[in-house]
Structures are given as C-alpha cells and as structure tokens.
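Below, chains carry the letters A, B, ... as their sequence lines are ordered, and counting in each starts from 1. Remember, predicted model here, so these are calculated numbers, not experimental data. All values below come from the heavy atoms of this structure, side chains included, with hydrogens, waters and symmetry mates left out.
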Number of protein chains: 2
Amino acid sequence: MTGSTRPPSKFLAAIAQIQEMIKTDRLQSGDKIPSERELSDRLSIGRSSVREALRALELLGLIETRRGEGTYLRDFNNHQLVPLIGAFIFDGDPSKEDVRDVKAILELGCLAILSRKSGADFTRPESSFEQQIEAADNKLLRNIWKIIADYAGSEPDNERLKELLAAAKQIQYLKHQ
Amino acid sequence: MTGSTRPPSKFLAAIAQIQEMIKTDRLQSGDKIPSERELSDRLSIGRSSVREALRALELLGLIETRRGEGTYLRDFNNHQLVPLIGAFIFDGDPSKEDVRDVKAILELGCLAILSRKSGADFTRPESSFEQQIEAADNKLLRNIWKIIADYAGSEPDNERLKELLAAAKQIQYLKHQ
DNA sequence: GCTCTTAGGTGGTCTGACCACACAATTCCC
DNA sequence: GGGAATTGTGTGGTCAGACCACCTAAGAGC
C-alpha cells in the first residue's frame with residue numbers, strides 16, 4: 001500500500017488541462033486550439049486520451065473539429081445537449097408540451113427578475129426575449145433558455161407564458177416554519 | 001464528386017448505437033452495459049471509437065465506469081455537467097446568486113403548472129419539492145431542476161421563491177398583436 | 001499571371017500491446 | 001472440511017504506431 005491516491009484519469013486530466021490552456025491563452029470562440037498531436041506532446045498524454053477528452057468536449061458542444069483543418073473553440077449554442085440527454089432520460093424525445101412549458105417557465109422567471117429589479121407594477125416590455133434575457137443579467141438563465149429555445153423553436157408562444165403567469169398569480173404562498 | 005454524403009463519424013455512430021442498445025434491451029439505471037471490447041465487436045467499430053463514445057457519455061454523467069468491473073448505466077444526477085459547462089461559459093463558476101435564482105424560477109414554474117392543473121386559488125402544498133416536481137409531471141423540468149438543485153444545494157430557499165412569486169404577481173402582461 | 005500538382009499537417013480510425021484492478025474459481029494448507 | 005492464499009480471466013486505462021481522408025498552401029509548369 002503506497003497510500004498514494006489514485007491520480008485522476010488521463011482523460012479527465014486532459015479536459016482540465018485543455019480548459020486551463022484555453023483560459024491561460026485567452027482563447028476566444030472561433031480560435032483554433034492546438035492539434036491533437038501537439039496536445040499529446042505538450043501534456044505528455046497519449047493521443048488516444050487526448051482524443052477522448054476532445055470528443056467529450058465536442059459532444060458538449062464546446063469545441064468543433066474540422067477534419068484536415070483543426071479543432072476550434074465554439075460559441076455556446078449547444079445543439080447536441082438537449083436532444084442527447086432527452087434521448088436518454090425520456091424514451092425518445094421529450095414531450096413538446098413539456099419543452100414549451102419549461103421554456104415559458106424560464107421566460108416567466110426572466111420577467112420576474114426584471115420586475116424585481118425595476119420595482120412594482122412591472123409591465124412586460126416590448127423588446128424581444130433575447131434582449132429581456134440579457135437584461136435579466138443571469139448567464140445561467142440565459143444559457144439554459146438558449147438551449148431550450150433552440151430545441152423548442154423560438155416562436156414567442158405568448159399564450160403559454162400568459163397562462164403560466166395567470167396561474168402564478170393564483171398561488172397563495174404559505175408561510176410556515 | 002461522388003455525391004455520397006459523408007457518413008457520420010464512428011464516434012457519433014457508436015453513441016447512437018449504444019443508446020439504441022440501451023433502449024432495445026430496456027436497460028435501467030445501475031444495469032451493466034457490454035464491455036468495451038464486446039461493443040467494439042458487436043458494432044464493428046474499433047475499441048478506440050467506442051471508448052471515445054463512452055468517455056463522452058461518462059462526462060455527460062449518463063454512464064459510470066468502474067475499472068476492473070465494467071460500465072454501468074447511471075441515474076440522472078448529473079454532477080459533471082453544470083460545473084463543466086459553467087467553467088467554460090463563465091470564467092469559473094456561475095454566480096451563486098444566479099444559480100439560486102434559476103432554481104427558484106424553476107420552482108415557481110413548477111407551482112404555476114400545479115396551479116394551472118388544479119384550477120384557481122392554488123395554495124402552495126406542504127409536500128417537499130421533490131414531490132411537487134414529480135406532481136408537475138414534466139420530466140424535462142424535473143431533470144433541469146435536479147441539476148440545478150444539486151449544484152445549489154437543496155436547502156429550500158423559500159425567501160427567494162416568495163420574492164420571485166411576488167415579482168411575478170406585479171407583471172402586467174401586454175396583449176398586442 | 002494562372003492553373004495544376006505536390007507535400008505537409010490535421011482529424012478519423014483501427015490494431016495490438018501492455019498495465020491496474022476486481023472478482024471468482026481454484027488450489028493449498030491446516 | 002474449512003478457511004486462506006493463489007491464480008485466472010475479464011474489465012477498464014493507456015499508449016504507440018500505422019493507415020486513411022481531407023484540407024491548405026507552397027511550389028512547379030504553362
């Protein structure tokens with residue numbers, strides 16, 4: 001027994017180091033990252049392991065690979081994630097109804113944040129939802145919304161939003177503790 | 001120009017086929033999936049490519065691998081996803097405030113769905129949020145909530161929820177079109 | 001100048017070889 | 001016989017090398 005803790009797998013190490021490299025070198029969306037062979041050299045990790053890391057990041061939509069050219073950092077418009085996860089969790093695609101509800105919920109929440117910011121008597125502004133989401137200034141919310149909206153289609157669906165808003169207004173919250 | 005469309009990469013094909021296999025064989029969480037070598041054989045895909053697919057699925061939190069034992073289907077409590085994506089999108093972790101807001105938003109939305117179902121004058125029920133999320137019967141909502149709650153910690157945070165609910169009640173929705 | 005060829009670099013894939021580990025069957029000793 | 005040590009087999013983890021398909025740019029030829 002050496003007492004040495006098992007080192008993290010090369011695969012995870014590669015992901016971490018690639019992330020670190022991106023951060024250190026201040027790489028932006030669209031920038032090229034080093035080739036697999038160079039990464040393998042620089043990180044002293046076999047190319048297979050580097051590839052496993054890159055494939056995983058690719059599946060997450062974080063990078064994009066172009067055969068014959070290289071690997072590029074990608075903007076966060078995650079195409080793969082929701083369908084992929086959906087396919088695993090549900091037996092197939094998530095119900096369209098569910099997706100629309102979740103989208104409306106996020107938008108309702110966005111409006112609630114804006115309302116909280118600007119005080120009482122908040123009126124739904126006229127701007128597009130992209131703008132409202134930006135105004136809410138919550139990156140996590142924005143990104144989740146983007147994923148869902150991408151999947152649901154970005155037609156407004158004001159009806160559903162109004163419906164949920166009306167429902168929300170009926171909620172009597174019990175204070176108790 | 002042969003006109004032949006480029007076949008999807010073996011890597012993606014492997015993911016698809018593994019998913020298909022899981023579905024066909026009705027594998028549940030905790031079940032073991034075939035070994036890498038067997039998958040390689042059955043799918044006629046090199047072990048490297050199978051591994052790339054498995055690593056990606058592992059990073060997504062969909063499977064779990066245990067050296068010396070095998071690969072197992074995992075319950076969907078995605079540890080990796082949010083931190084990983086967070087690390088890429090934000091420069092580091094998403095703001096705690098943001099995470100708490102999104103969690104509250106999802107819970108507010110859950111209540112709104114329940115309210116819509118049970119008609120007017122809905123009172124926030126006493127049961128735990130797990131139960132309420134289940135009652136809302138929206139798997140997508142449930143799973144997103146699980147991810148966020150896992151990250152935020154599952155302490156109730158009723159204050160934030162009430163705050164957003166109050167804000168939502170102030171929203172005057174403009175009908176126009 | 002322009003086109004065509006060529007060389008080099010890149011990702012995509014496969015194979016074979018090890019290692020580290022976990023489990024079960026087997027053997028061995030008492 | 002029963003328990004402990006050994007071995008065998010299967011698994012994931014990793015690496016190195018070899019091709020292939022593809023893209024780009026530099027060079028050759030006109």
Inset, instruction - For each nucleotide in nucleotides 11-18 of chain D, reading 5' to 3', give B when a protein heavy atom comes within less than 4.0 Å of its base, S when such contact involves only the sugar-phosphate, and - otherwise. - result: BBBBBB-B
Legend entry - Residues A:R100 and A:D157 bridged, charged N to O under 4.0 Å: yes
Inset, instruction - Could you tell me the separation between the CG atom of B:L43 and the C1' atom of C:dC14, rounded to a whole number of Å? - result: 15 Å
Inset, instruction - Keeping the roles fixed (side chain from B:S115, backbone from B:L111), state whether a donor-acceptor pair exists under 3.5 Å. - result: no
Inset, instruction - Specify the separation, in whole Å, of atom OH of B:Y72 and atom P of D:dG10. - result: 15 Å
Legend entry - A:R74 vs A:E64, salt bridge (charged side-chain N to carboxylate O under 4.0 Å, His left out): CA-CA, chis, key distance, verdict: CA-CA 6 Å; A:R74 188 162 148 179; A:E64 178 186 1; 5.1 Å; no
Legend entry - Close side-chain approach of A:L27 and A:I33, heavy atoms under 4.5 Å: yes
Legend entry - Ion pair B:R160/B:E163, N-O distance below 4.0 Å: no
